[in-house]
A.B. asks: 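Handing you this structure, nothing more for now.
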Amino acid sequence: MIQNKLEGRQWRFTYVDLKKSIEAGKQVVLSQVDGIDRGDELEGFSLLGGGEKGIAVTSSRKNNVNFTTTSW
């Protein structure tokens, strides 16, 4: 799950175990990365391949694709 903590900045990534969350009937959090203070809005995110790397896309006109690594 991705979100902007403040409008247009401070990204938050919350990694959840979807299968366990459905079984439990509530969110099961694997890890949360908070307070990434960027001056642009996080528009989308996708994990790649084995789930250890991802791509985040922002609202910036330039340099708007960011590669990330998971932290769980």
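Hydrogens, waters and symmetry mates play no part in the numbers below; they use all other heavy atoms, side chains included. Predicted, not measured: the structure shown is a model, and the values here were computed from it.
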A.B. asks: Mind checking the NZ-CZ spacing from Lys5 to Arg12? Nearest 0.5 Å is all I need.
C.D. replies: 5.0 Å
A.B. asks: Output yes when a side-chain donor or acceptor of Ser21 lies under 3.5 Å from a complementary backbone atom of Val28, and no otherwise.
C.D. replies: yes
A.B. asks: Hydrophobic clustering (ILVMFWY, side-chain heavy atoms < 4.5 Å, transitive) - are Val57 and Leu48 grouped together?
C.D. replies: yes
A.B. asks: Between CG of Leu18 and CD of Glu23, what distance do you get to the nearest 0.5 Å?
C.D. replies: 10.0 Å
A.B. asks: Tell me the closest heavy-atom pair linking Val16 and Gln27, and the distance in Å.
C.D. replies: CG1-CG, 3.5 Å
A.B. asks: Report yes or no: do Gln32 and Thr14 form a side-chain donor-acceptor pair below 3.5 Å?
C.D. replies: yes
A.B. asks: Does the side chain to side chain contact (heavy atoms under 4.5 Å, CB included) test come out yes or no for Asn66 and Thr58, once each step is laid out?
C.D. replies: CA-CA 8 Å; Asn66 302 270; Thr58 73; 3.4 Å; yes
A.B. asks: Nearest 0.5 Å please: distance from the OG1 atom of Thr68 over to the CG atom of Leu47.
C.D. replies: 7.0 Å
A.B. asks: Measuring from atom CG of Asp17 to atom CG of Leu30, what distance do you get when rounded to the nearest 0.5 angstrom?
C.D. replies: 5.0 Å
A.B. asks: Identify the two heavy atoms, one from Ala56 and one from Leu42, that lie closest to each other, and give their separation to 0.1 Å.
C.D. replies: CB-CD1, 3.8 Å
A.B. asks: Measure the spacing between CG of Asn4 and CD of Gln10 and express it to the nearest 0.5 Å.
C.D. replies: 9.5 Å
A.B. asks: Going by the ring pair (Phe, Tyr, Trp, His ring centres under 6.0 Å) test, which pairs reach into residues 40-70, not counting sequence neighbours?
C.D. replies: Phe13-Phe45
A.B. asks: Before giving the answer on side chain to side chain contact (heavy atoms under 4.5 Å, CB included), spell out for Asp40 and Trp11 the whole-Å C-alpha distance, their side-chain angles and the decisive distance to 0.1 Å.
C.D. replies: CA-CA 9 Å; Asp40 52 2; Trp11 304 356; 3.6 Å; yes
